[in-house]
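Okay, structure first, notes after.
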Amino acid sequence: MTLPAAGSAPDLASELKRAPEDLAARLIGATLTFAGVGGLVVETEAYDAADPASHSFAGPTLRNAAMFGRPGTAYVYRSYGRHWCLNIVCGSRPGGAVLFRALQPLEGLDAMRKRRGTDNLRLLSTGPGRLCQALGITGAVDGESMLAAPFDLTLADGGREVVCGRRIGITKAQDRPWRFGLAGSQFLSRPFSER
DNA sequence: CTTTTGATGCCCT
DNA sequence: GGGCATCAAAAGA
């Protein structure tokens, strides 16, 4: 087991208390793995209960219950009937979460290729649905803590350039610049050229 | 190359 | 029954 150098990486538990948009920016450059499979977080989006585009906007329901759980809880939902999408709950306000939209594959590449049925690195975990399929994340994980195994989420220690823009695939509150990405990454689901 | 559309599950009204 | 935080294949230019 390798520990980060003393004082270099921010403490995840305290970062989780931030507002969703702050956490989303700070998760860029982090490393996320699930049962040893995953990579570098290069794209995220923030959602919050005061946000018409958020699943938590209308208050707690059966589907979104995990969004109102403890900071660090995984919220996994089925998207368009075919895909799973992974969020991490944050603690500044109830109903806040950050959607993981894309990873740069680093660990467990064989498992990712097998689950995704392609060798193309860009098609392994670029996009929230692909990301979950590549890592083997399903609704069974909904409500579990991402602070413990089989999850491993380690924040970057700084020195990266983060870009932001409008969110993708939503019809409400499209003007909120709550999508964040690692500048220059080849693994973004779309470029940040807009606006 | 870009845009459109079908597949598909489930929550909400 | 409508709408959706998606993806991949098909159709158009």
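In the text below, chain A, chain B and the rest are named by the order of the sequence lines, each starting its count at 1. Computation of the quantities below employed the complete heavy-atom set of this structure, encompassing side-chain atoms and omitting hydrogens, waters and symmetry-equivalent molecules.
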Between the protein and nucleotides 1-7 of chain B, list the N/O to N/O atom pairs that are separated by less than 3.5 angstrom.
{"from": "B:dA7", "atom 1": "N3", "to": "A:Arg82", "atom 2": "NE", "distance (Å)": "3.2"}

Within the structure provided, determine whether A:Phe187 and A:Leu182 are in side-chain contact (heavy-atom separation under 4.5 Å). no

Between N or O atoms, less than 3.5 Å apart, protein on one side and nucleotides 10-13 of chain B on the other: list the pairs.
{"from": "B:dC12", "atom 1": "OP1", "to": "A:Thr61", "atom 2": "OG1", "distance (Å)": "2.7"}

Rounded to the nearest 0.5 Å, how far apart are CG of A:Leu86 and OH of A:Tyr75? 11.5 Å

So, taking the atom named CG in A:Leu23 and the one named CG in A:Leu12, what distance separates them when rounded to the nearest 0.5 Å? 8.0 Å

For DNA chain C, whose closest nucleotide is more 5', that of A:Leu131 or that of A:Lys172? A:Lys172

Could you tell me the boundaries of the chain A footprint on DNA chain C, defined by atoms under 4.0 Å from its heavy atoms? C:dC4 to C:dA8

Is the backbone of A:Ala19 close enough, under 3.5 Å, to the side chain of A:Arg93 for a donor and an acceptor to pair up by distance? no

Do A:Ile170 and A:Arg176 make a side-chain contact, defined as non-hydrogen atoms from C-beta onward lying under 4.5 Å apart? no

With heavy atoms under 4.0 Å as the rule, sort A:Leu99 into base, sugar-phosphate or nothing. base

Partners passing ring pair (Phe, Tyr, Trp, His ring centres under 6.0 Å) against A:Phe180 (at least two apart in sequence or in another chain): none

Main-chain N/O of A:Gly139 paired to A:Asp142 side chain as donor or acceptor, under 3.5 Å: no

Using a heavy-atom distance cut-off of less than 4.0 Å, which residues of residues 117-129 of chain A contact DNA chain C? A:Gly127, A:Pro128, A:Gly129

Minimum heavy-atom distance A:Ala102-A:Gly127, with the two atoms named: CB-N, 3.9 Å

Considering non-hydrogen atoms only, spot the tightest contact between A:Met146 and A:Ala74 and give its length. CG-CB, 3.6 Å

Do A:Arg116 and A:Gln133 have side-chain heavy atoms sitting under 4.5 Å apart? yes

How far does OG1 of A:Thr31 sit from CG of A:Leu153, to the nearest 0.5 angstrom? 8.5 Å

To the nearest 0.5 Å, what is the distance between CG (A:Asp152) and CG (A:Leu32)? 8.0 Å

Dot-bracket for DNA chain C: what is it, with Watson-Crick or G-U pairs under 3.5 Å, [ ] where a pair crosses earlier ones, and | for a pair to another strand? ||||.|||||||.

Look up atom OG in A:Ser54 and atom CZ in A:Arg167, then write down how far apart they are to the nearest 0.5 Å. 8.0 Å

Spacing of CZ belonging to A:Arg160 relative to CZ belonging to A:Arg26, to within rounding of 0.5 Å: 8.0 Å

Ring-face cation contact, A:Trp84 with A:Arg78, 6.0 Å cut, 45° max: yes

Does A:Arg130 or A:Gly81 map to a spot on DNA chain C nearer the 5' end, using the closest nucleotide for each? A:Gly81

